[in-house]
Amino acid sequence: MTVDNAAFERYRRSPNQKTTLLRLLLGTAIVVFFWLAMTFVVLVAGTYAFLVLRLPGPSTGQPIQDFLASPVGILTALASFAGIWIGLWVAMRFVHGEPLSALIGASRRISRGGFLKGLVAVLITSLFSEVLLYWLQPEIARGSIAFSSWLLFLVPIVLLTFLQTSSEEALFRGYLLRGLASRFASPLIWAALPGLLFTALHWSSASTLAINACVLVSIATFALLLTLLVYVTGNLSAAFGAHLGNNLTGFLLISHQESYNSFALFNAKPLEGPGWTNSDAVLIAAIGIASTLLTMLLLLHRRSPLKIGPDGPDRITVNQKADGLA
């Protein structure tokens, strides 16, 4: 597999002169503020409504945890990621003087083909990894949601999951990666730093050290793949699709998290539960790495029908050219 970095070079050189380290830190602080503010509003209002209206969900005596584990809690938690998009708009508009669409790619447009290829590739490899995980731990049960209800919530879950995953990609593989790449040549800075931040946010205090380690290794490998997709295409579209496919598998098909299984058709043994050994953790990490490598082959091998391509200069919009002349 050969990689042409011309598209990424266009992407990394697209920020204007206002993209300094100080402004990047300020913009990041703005995004975090809006993200936390939206999360706080959702948490307080949602928990209040959950208790007052007696909405369906678990009842363990811990109102916040019960709300977040309920169907309405999962939906509102996903909706809270709108705070990232709001923060990114504010940062791009008032700190950097650029349109929000500049984060998508040099063309400032989502590539439908890249998005669908990333989505399909990860859906395929996620099923592959689920087969291996079932071989490792065949403890799986039908979820509590009825199939008719699952169909009813299918579209809202897909849309809200896209809101969540796209906001994370726009922040970590868009805003931070693009901004750092415009200032630093080394991928140890522009690729590694956003990837480490993204990975660290997935630490779970409910899981053992071994399970946390295996999950973080798997996520770090997946984050590396998402970064590679941006490097190859100079666009976030394939990463949008890949991240969406990964999360939809867990939300709608087979859940491995007890707190996020309200809409899953099947529930596997939760990773935060007891009974996992250190050897299990090693195998889980190996399965995650193998799945990511298979995804990479599907998206980057020259003979793959899902091979993605660069975001070419012919896709740059007339408006962007006009901006460059202004």
Side-chain angles (χ1 to χ4, degrees), residues 42-43 46-47 49-51 53-81 119-165 168 202 204-208 211-212 214-215 218-219 222 241-276 280-281 283-284 287-288 291:
V42 164
L43 197 62
T47 302
F50 178 76
L51 294 174
L53 301 179
R54 300 182 182 275
L55 299 175
S59 179
T60 64
Q62 298 178 302
I64 295 178
Q65 287 78 1
D66 291 343
F67 163 67
L68 290 175
S70 69
V72 67
I74 294 175
L75 292 174
T76 51
L78 291 174
S80 70
F81 282 85
L119 174 64
V120 171
V122 171
L123 288 177
I124 292 172
T125 55
S126 292
L127 293 177
F128 164 77
S129 66
E130 290 299 338
V131 170
L132 295 181
L133 288 171
Y134 180 77
W135 166 78
L136 173 65
Q137 177 53 257
E139 183 180 321
I140 189 170
R142 178 69 171 82
S144 59
I145 189 169
F147 186 67
S148 57
S149 299
W150 185 84
L151 290 176
L152 180 65
F153 283 104
L154 182 60
V155 172
I157 284 290
V158 170
L159 294 177
L160 287 173
T161 303
F162 178 69
L163 173 66
Q164 177 227 345
T165 55
E168 291 180 349
H202 289 81
S204 172
S205 59
S207 300
T208 64
I211 291 298
N212 262 314
C214 81
V215 169
S218 298
I219 290 174
F222 188 61
H243 199 162
L244 177 63
N246 179 78
N247 286 26
L248 282 181
T249 303
F251 283 137
L252 290 174
L253 297 180
I254 304 177
S255 175
H256 294 270
Q257 292 180 286
E258 192 172 13
S259 54
Y260 292 100
N261 62 9
S262 295
F263 297 102
L265 288 175
F266 299 96
N267 293 327
K269 181 179 178 180
L271 291 173
E272 64 267 32
W276 295 103
D280 288 336
L283 288 174
I284 291 171
I287 291 171
S291 177

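Count residues from 1 along the sequence.
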List the atom of S218, the atom of G288, and the distance in Å for their closest heavy-atom pair.
OG-CA, 3.8 Å
side-chain contact (heavy atoms from CB on, under 4.5 Å) against I219, all qualifying residues, sequence neighbours excluded
F198, T199, H202, V215
So T161 and L244, do their side chains get closer than 4.5 Å, heavy atoms only?
yes
Please identify which of these residues, E272, E130, K269, meets the side-chain hydrogen bond (donor to acceptor under 3.5 Å, both in side chains) condition with H256.
E130
Exercise answer: donor-acceptor pairs, residues 136-146 side-chain atoms, under 3.5 Å, sequence neighbours excluded:
from	atom 1	to	atom 2	distance (Å)
Q137	OE1	E139	N	3.3
R142	NH1	I145	O	3.0
R142	NH1	L265	O	3.1
R142	NH2	I145	O	3.2

Between E168 and F81, the two heavy atoms sitting closest are OE2-CE2, 3.4 Å
L159 meets the side-chain contact (heavy atoms from CB on, under 4.5 Å) criterion, sequence neighbours left out, with V155
Ring pair (Phe, Tyr, Trp, His ring centres under 6.0 Å) contacts touching residues 124-145 (sequence neighbours left out)
none
L43 to T47 - nearest heavy-atom pair and separation
O-OG1, 2.6 Å
All pairs passing ring pair (Phe, Tyr, Trp, His ring centres under 6.0 Å) where residues 137-160 contributes a residue, at least two apart
F147-W150, F153-F263
Give me the atom names and distance for the closest heavy-atom approach of S204 to N212.
O-ND2, 2.6 Å
Under 3.5 Å donor-acceptor pairs involving side-chain atoms of residues 246-255, not counting sequence neighbours:
from	atom 1	to	atom 2	distance (Å)
N247	ND2	Q164	OE1	3.1
T249	OG1	G245	O	2.9
S255	OG	Q257	N	3.2
S255	OG	Q257	O	2.9

